[in-house]
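Computation of the quantities below employed the complete heavy-atom set of this structure, encompassing side-chain atoms and omitting hydrogens, waters and symmetry-equivalent molecules.
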Amino acid sequence: MTNELFRRLATVYLGEAIRYPKLRAVTLAQWALESGRGSSPLARDHYNFGGLKWRKEMAPYATKVKYAAHDGEDFYCKFATLENFIAGYWAFLNRSPYSGWEANVATPEKFIRFIGPTYTPRPDYADAVLALVPEAEKLLADVQNAETEALKPAVAPAVSLGVIVIDPGHGGASDVSGSSANNAISTSNVKEKKLTLDFALILRDELLRQAAARNETVQVVLTRTTDVNVTGKARAAMAFDHKAKLFLCLHFNGNKSATVRGTETFYRAKENDNINLAADMEFAGAVQKALFTALQAVDPGAKDRGIKPDNQGNPSLPGFGVLNDISLGNDRRQTPCRAAYIEAEFITNPSVDKLLISGTNAIQNRTAAMAAVAGACLAQMRKIP
């Protein structure tokens with residue numbers, strides 16, 4: 001059975017532009033075999049679904065981690081995001097042991113039979129991968145269908161909490177109106193845009209899981225699920241289009257000083273014509289408390305920077321476009337959508353990098369953080385008619 005993590009990998013892979021799209025299913029099948037469909041500790045803890053051992057050529061994509069596999073302890077690749085793993089896998093093949101693989105891409109079978117003996121020297125390896133291709137194809141199709149279904153209005157079941165729109169900040173290669181392609185870069189050289197998407201996908205799964213555990217349903221819409229940039233106005237408009245109760249932006253901070261850190265959450269300032277100021281402040285306070293408490297539980301050095309208006313106390317500042325009530329459509333709704341903008345941490349701080357990006361427990365820590373945020377969001381949704 002495919003777990004949530006492996007399904008997230010398929011979601012991201014479906015949106016990645018790879019040189020040979022016809023190889024998408026066979027490589028996903030290979031990763032399913034190598035990682036036990038995402039259940040191996042190497043996959044769960046380090047986003048390494050391919051059993052990729054550390055090589056110096058992998059430095060742009062991964063960090064080095066010691067790991068005890070079935071054949072003994074060795075250094076393996078630790079990937080900060082699912083996108084990094086996908087890029088790293090293809091970079092891994094561009095090394096001398098695999099020379100000539102691009103001359104063997106006419107069919108998925110030809111590809112895996114060429115790289116297989118080098119990748120894992122066992123006689124039945126290619127056959128084992130090919131046996132999983134139909135399952136990989138079905139998973140990719142299911143993910144594609146799920147993305148389409150998520151954009152349809154929710155059918156009201158017995159206990160429906162409504163819609164939440166999650167906005168992973170930034171994306172793509174170019175700035176667009178109201179959204180830069182990327183801002184902060186972590187000390188381990190991971191871009192903010194990659195982290196916002198990864199955290200957003202974890203948050204989505206936590207929202208669905210926690211709601212289901214209480215016999216509830218929630219419709220989760222992401223403003224992007226791939227590495228594309230969306231204008232600030234278009235991101236906010238999704239709240240109105242889907243009649244969302246909540247709109248939550250995910251971002252990370254950066255600073256020239258490596259000592260600066262802390263979690264903060266913004267709401268639309270009163271001076272920026274906030275239509276539902278008290279409700280927005282309540283929402284911002286709830287997610288801020290949940291996120292900070294979760295981070296503090298795994299790192300006593302966590303710092304609570306509190307909730308702040310998006311003009312940060314300066315009435316002349318216009319604030320964040322994605323929190324604009326007109327763009328959110330709140331002027332056209334009887335019950336306005338509550339909106340908040342999380343700056344989860346300063347990824348330019350080495351301690352934060354280790355905590356959430358490059359450290360041994362980084363993936364578990366980010367999952368715990370997003371689980372806490374999910375709980376706060378669901379509690380808010382239960383209050384809103």
Side-chain angles (χ1 to χ4, degrees), residues 44-47 63 65 78-81 166-170 182-207 209-210 246 248-267 280-310 312-313 320 339-380:
R44 292 197 315 268
D45 299 340
H46 307 300
Y47 279 177
T63 53
V65 64
K78 178 182 181 65
F79 298 94
T81 69
I166 303 171
D167 178 34
H170 310 292
N182 190 73
N183 282 351
I185 299 177
S186 77
T187 55
S188 60
N189 205 36
V190 180
K191 291 183 177 180
E192 178 187 358
K193 67 172 185 174
K194 292 183 178 293
L195 293 171
T196 59
L197 179 57
D198 196 82
F199 276 64
L201 289 168
I202 294 172
L203 176 57
R204 178 193 66 181
D205 288 351
E206 279 296 322
L207 285 161
R209 184 186 65 79
Q210 292 182 32
L246 302 178
L248 183 63
C249 305
L250 287 177
H251 286 256
F252 292 87
N253 258 322
N255 196 283
K256 291 180 180 179
S257 172
T259 62
V260 177
R261 68 170 302 180
T263 300
E264 57 192 8
T265 302
F266 291 87
Y267 58 89
D280 279 352
M281 291 182 68
E282 179 186 335
F283 179 36
V287 295
Q288 171 68 18
K289 180 180 179 181
L291 180 55
F292 168 69
T293 301
L295 292 177
Q296 189 180 45
V298 293
D299 180 9
K303 181 179 178 181
D304 185 358
R305 296 169 65 94
I307 64 171
K308 303 176 180 180
D310 66 348
Q312 301 190 64
F320 304 144
Y341 185 113
I342 290 174
E343 290 280 8
E345 253 292 7
F346 284 78
I347 56 176
T348 44
N349 182 300
S351 296
V352 171
D353 188 291
K354 184 177 181 181
L355 179 71
L356 297 174
I357 304 170
S358 61
T360 301
N361 297 320
I363 295 171
Q364 297 97 309
N365 292 342
R366 70 178 69 165
T367 301
M370 290 300 97
V373 172
C377 290
L378 292 172
Q380 285 282 301

- Task: For the pair Asp310 and Tyr341, evaluate side chain to side chain contact (heavy atoms under 4.5 Å, CB included) and give the outcome as yes or no after the intermediate values.
- Result: CA-CA 9 Å; Asp310 66 348; Tyr341 185 113; over 6 Å; no
Which atom names give the shortest non-hydrogen contact between [X] and [Y], and what distance separates them?
X	Y	answer
Leu246	Cys377	CD1-O, 3.4 Å
Asp280	Ala339	OD1-N, 2.9 Å
Ile185	Ile347	C-CD1, 4.0 Å
Gln288	Thr265	OE1-OG1, 2.8 Å
Ile166	Ala200	CG2-CB, 3.9 Å
Ala284	Phe266	CB-O, 4.3 Å

Just verifying a value: how many Å separate [X] [atom1] and [Y] [atom2], rounded to the nearest 0.5 Å?
X	Y	atom1	atom2	value
Glu206	Leu378	CD	CG	9.5 Å
Asn182	Thr196	CG	OG1	8.0 Å
Ile342	His251	CD1	NE2	10.0 Å
Lys308	Glu343	NZ	CD	9.5 Å

Exam field: side chain [X] to backbone [Y], donor-acceptor pair closer than 3.5 Å:
X	Y	result
Thr263	Ala344	yes
Thr348	Asn255	yes
Asp205	Leu207	no
Asn253	Glu345	no

Under 3.5 Å, sequence neighbours excluded: what are the donor-acceptor pairs made by side chains of residues 364-374?
residue	atom	partner	partner atom	Å
Gln364	NE2	Asp45	OD1	3.1
Asn365	ND2	Leu355	O	2.9
Asn365	ND2	Asn361	O	3.2
Arg366	NE	Leu356	O	3.2
Arg366	NH1	Ala80	O	2.7
Arg366	NH1	Asp198	OD2	2.8
Arg366	NH2	Ala80	O	3.0
Arg366	NH2	Leu356	O	2.7
Thr367	OG1	Ile363	O	2.8

- Query: Among Lys191, Lys194, Lys193, Glu192, which one satisfies side chain to side chain donor-acceptor pair (under 3.5 Å) with His170?
  - Reply: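 Of the listed residues Lys191, Lys194, Lys193, Glu192, the side chain to side chain donor-acceptor pair (under 3.5 Å) partner of His170 is Glu192.
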- Any side-chain donor near an acceptor of the partner, Asp353 and Ser358, under 3.5 Å: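 Yes, side-chain donor-acceptor contact under 3.5 Å.
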- Item | Residues that Thr259 engages under side-chain contact (heavy atoms from CB on, under 4.5 Å), provided they are two or more places apart |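 Checked Thr259 against side-chain contact (heavy atoms from CB on, under 4.5 Å); matches are Ser257.
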- Task: Anything under 30° is parallel, anything over 60° is perpendicular, the rest tilted; go ahead and classify Phe252 against Phe199.
- Result: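 The rings of Phe252 and Phe199 stand perpendicular, inter-plane angle above 60°.
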- Walk me through it: do Leu195 and Val190 pass the test side chain to side chain contact (heavy atoms under 4.5 Å, CB included)? CA-CA 8 Å; Leu195 293 171; Val190 180; 3.9 Å; yes
- Item | Flag if over 12 foreign heavy atoms under 6.0 Å of NZ, Lys354 |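 Result for NZ/Lys354: open.
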- Message: Per the side chain to side chain donor-acceptor pair (under 3.5 Å) rule, what does the pair list look like for residues 289-303, sequence neighbours excluded?
- Response: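 Sorted pair list: Arg261-Asp299.
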